[in-house]
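All remarks here apply to the structure that follows.
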Amino acid sequence: MDIYDREHLTEFLVALFGKQANSWHPNEELFNLTYKLVAESGECSEAMRYVPEPLAPGKAPFKWLKKEVRSKFLKTLQENREQYVICLRGAAYNMALEFKMAAQGV
């Protein structure tokens with residue numbers, strides 16, 4: 001990994017784990033765990049695409065829900081696959097110990 005790769009990895013990890021990640025030495029194991037984290041959070045991100053917007057007052061619920069589901073599905077087809085932050089944070093929380101150990105070279 002070059003210096004720019006290490007900087008980008010550190011910035012990403014600090015965004016997820018907080019300032020403690022500044023003290024972690026970016027290495028191949030941390031990169032591999034980050035890759036695993038993003039891959040595992042993908043299922044959650046996919047599911048988040050289908051969460052409907054809040055129902056506006058006075059709308060017919062079934063008609064509105066049908067329209068929302070259709071709209072969300074079509075939007076998903078058009079967008080590229082981004083990871084939702086909440087999904088990454090959930091996966092990061094589950095993998096925090098692995099990241100700390102990898103940062104220490106364990």
Review point. Do Q20 and K100 pass the side chain to side chain contact (heavy atoms under 4.5 Å, CB included) test, and can you show the C-alpha distance, the side-chain angles, and the key distance before you say yes or no?
Key: CA-CA 9 Å; Q20 68 177 346; K100 290 175 185 174; 3.6 Å; yes
Practice item. Would you please classify the geometry between the F99 ring and the F17 ring as parallel, tilted or perpendicular, with 30° and 60° separating the classes? Key: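 Tilted, since the angle between the ring planes falls between 30° and 60°.
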Of the non-hydrogen atoms in [X] and [Y], which two are nearest, and what is the gap between them?
{"X": "T10", "Y": "A21", "value": "CG2-O, 4.2 Å"}
{"X": "E29", "Y": "A102", "value": "CG-CB, 3.3 Å"}
{"X": "L9", "Y": "T34", "value": "CD1-OG1, 3.4 Å"}

Would you say that [X] contacts [Y] through its side chain, given a criterion of any heavy-atom pair below 4.5 Å between the two side chains?
{"X": "K36", "Y": "E98", "value": "yes"}
{"X": "N94", "Y": "L37", "value": "no"}
{"X": "L30", "Y": "W24", "value": "yes"}

**Study point:** Reported CD-to-CG distance for the pair E11 and N22, which is rounded to 0.5 angstrom
**Key:**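 It comes to 9.5 Å.
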